[in-house]
Colleague: 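This structure is in structure tokens; I'll ask about it shortly.
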Amino acid sequence: MKKLSGNIAGLKAGQIRRLENLYRRRTPPEYLITPETARELCLLSGEIRRQTGLLIDRQGRITCVIVGDNRRIVIPDLSEYRTAPGRLNGLRCIHTHLKNEPLSRDDLTDLALLKLDMMAAVTLTKGGEPHEIHIGHILPNPDKRDSFQYPLEGYKCVNEIIFCRKNAENNFQLTKSTDGSPYKILPPIKPNLLDIGCIELIQAIEAELAQAKPAHKAGEAGERAILVCVSTDSKDNAVDSMDELKELAISGGIEVLETVIQKRSRPDSRFLMGQGKLGELSLLALQKGASMLVFDQELNPSQIRSITDLTEIKVIDRTQLILDIFAQRARTREGKLQVELAQFKYLLPRLVTKNTAMSRLTGGIGGRGPGETKLELNRRQVRDRISRLEKAIEMVIRQRRQQRAKRSKKSLPVISIIGYTNAGKSTLLNTLTKSNVLAEKRLFATLDPSSRRLKFPKETEVIITDTVGFIKNIPKDLLVAFRATLEELNNADLLLHVIDIGNPRFEDQIESVERILSDLNLNKIPMLRIFNKQDIVEKETVENLCRLYDSIPISANNESTLAPLIKKMEHLIESICTKHPET
Ligand SMILES: Nc1nc2c(ncn2[C@@H]2O[C@H](COP(=O)(O)OP(=O)(O)OP(=O)(O)O)[C@@H](O)[C@H]2O)c(=O)[nH]1
Ligand SMILES: [Mg+2]
């Protein structure tokens, strides 16, 4: 005989036997539960004054009898029933409610997180008999809220009976969630109408879920993501941050299915958001056929683990996404070394001694090193690799210093183009020097620095360099790993700070870039602010902004707009070089 689950302390031997006997009962496919089983469940539950529940599989077998307290039951670990993504878990839960209440929030959270076939609550009459049954199921496609076709005439019929009867009493209401929640809660049914075509209904839900899946093709990285932000400050900031996360995701080749912002007074230390909300999120992922959740916040290792375990879907954060984009972009040996170092540094504290929890994070975004290498998942190997990478990068830094020394002997002044990612830095380098550095509408198109010579009208020659773009909350490990690249900026005589004024967040971007510059101790170098993409902003606005920020407007892709900039650069370089003739 199978064991009872939950709170059985203090029950009489006879009650325990009767509870155990429930395991013998079978449910035919059309029934949610048989009237006899429902009756016995209610009588027992009323007698012991504890909620009592059953988990029933699709063969109609009872796989678990659960005893709770007077307010709830706790469904035991169902990890052995784990199913393929996009499927329900094959178990329905039918449990009693002692106080004539409908499905509770906890019930719906269980439904969502455990991906139960159905969740039902049976209320009791005064005599302890079944009174009404409240049924909830996952709504296969919340966008088509009321179009779900119930498979069986029988069920519709049940529905209509209730509908009509209640109609006559003038208080019917087809329970429809107005809050956009991803569940469908059916109108309560009477205990003599339990043959609702249960298995067919479950199969229909599952079939529709399967259909929802590849509605359109995934991004080039093969991932379909829901972006999530748990915000504790003003909504606007969250929206802006999410817009950028979306651009990052698209740049990383991820298809964005949905963005979810949850406001909280403070983040939950374990799950970042409440478990109920996480349940809905996990359902949304199921309904949309998402393959991953991308969090805007940096998640600590245990949060990643808890959220992954609870939702059973791959979870990454903003940092990991950025690291992944860098991994996709790295071309040179140096770039690859730097990205790999940053990735391993990020991964190390996230590796548990046993590799189980990480295994779900492998493959695709978040588990891919530069080039198609797979990230190793063993702590010791990772540590070895980190120290080897650090040595290799140290070599690179040394070589660079030598090169730099040689270059400064030739005493060509250096102008470095810096700025937020996608601001138009590479485009500017290309137009100024008629070269062909990759410039595209993606975040972090450039990783590896390129240098070109530029001759000013008065024949002064300079070296102009383009480098990796900045972003707000730039991952710490990346900054450390890109030390070599960023050190190069120390050598600059002038920084050109390119700003995309067509971007609604350009003011925040200026702030982020200039904060990073001061973090890198580069704020002593003379800097020129350049407002790029003037062609997509109204002329008057551009003029006002330039006055306000003391900057020069250009269109980096249009050579004819660059004359004032060139003049100013030449002038600045001349004055800098006369001040410091040794450079
Ligand atoms: N409308 C307009 N678009 C521009 C201008 N300058 C650059 N762009 C576009 O902006 C996008 C980004 O340009 P990039 O030069 O790659 O930007 P970047 O700053 O080097 O970006 P990362 O290397 O990704 O950090 C490209 O699609 C360019 O075509 C401009 O003056 N006007
Ligand atoms: Mg670039």
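Source: prediction; values computed, not measured. Both counts, for ligands and for their atoms, begin at 1 and track the order of listing.
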Colleague: Students should be able to answer this: which protein heavy-atom is nearest to atom 12 (C) of ligand 1, and at what distance?
Modeller: Asn422 OD1, 3.0 Å
Colleague: Not counting sequence neighbours, which residues clear side chain to side chain contact (heavy atoms under 4.5 Å, CB included) with Glu487? List them please.
Modeller: Ile397, Arg401, Arg404, Arg483, Asn490
Colleague: Do any nitrogen or oxygen atoms of Ala556 lie less than 3.5 angstrom from nitrogen or oxygen atoms of ligand 1?
Modeller: yes
Colleague: Which residues and atoms, counting only protein N, O or S, are under 2.8 Å from the Mg ion (ligand 2)?
Modeller: Ser426 OG, Thr446 OG1
Colleague: Mind checking whether Lys441 has an N or O less than 3.5 Å away from an N or O of ligand 1?
Modeller: yes
Colleague: Which atoms of ligand 1 sit under 4.0 Å from any heavy atom of Thr421?
Modeller: 22 (P), 24 (O), 25 (O)
Colleague: So which heavy atom in the protein is nearest atom 15 (O) of ligand 1, and how far is it from that ligand atom?
Modeller: Thr427 OG1, 2.5 Å
Colleague: Is there a polar contact between ligand 1 and Ala445, counting only N or O atoms under 3.5 Å apart?
Modeller: yes
Colleague: Give yes if a backbone or side-chain nitrogen or oxygen of Leu438 is under 3.5 Å from a nitrogen or oxygen of ligand 1, and no if not.
Modeller: no
Colleague: Please report which non-hydrogen protein atom sits nearest to atom 16 (O) of ligand 1, along with the residue it belongs to and the distance in Å to one decimal place.
Modeller: Glu440 N, 3.0 Å
Colleague: Can a non-hydrogen atom of Gly419 be found less than 4.0 Å from any atom of ligand 1?
Modeller: no
Colleague: Evaluate Leu443 for polar contact with ligand 1, using N/O atom pairs at a separation under 3.5 Å.
Modeller: no
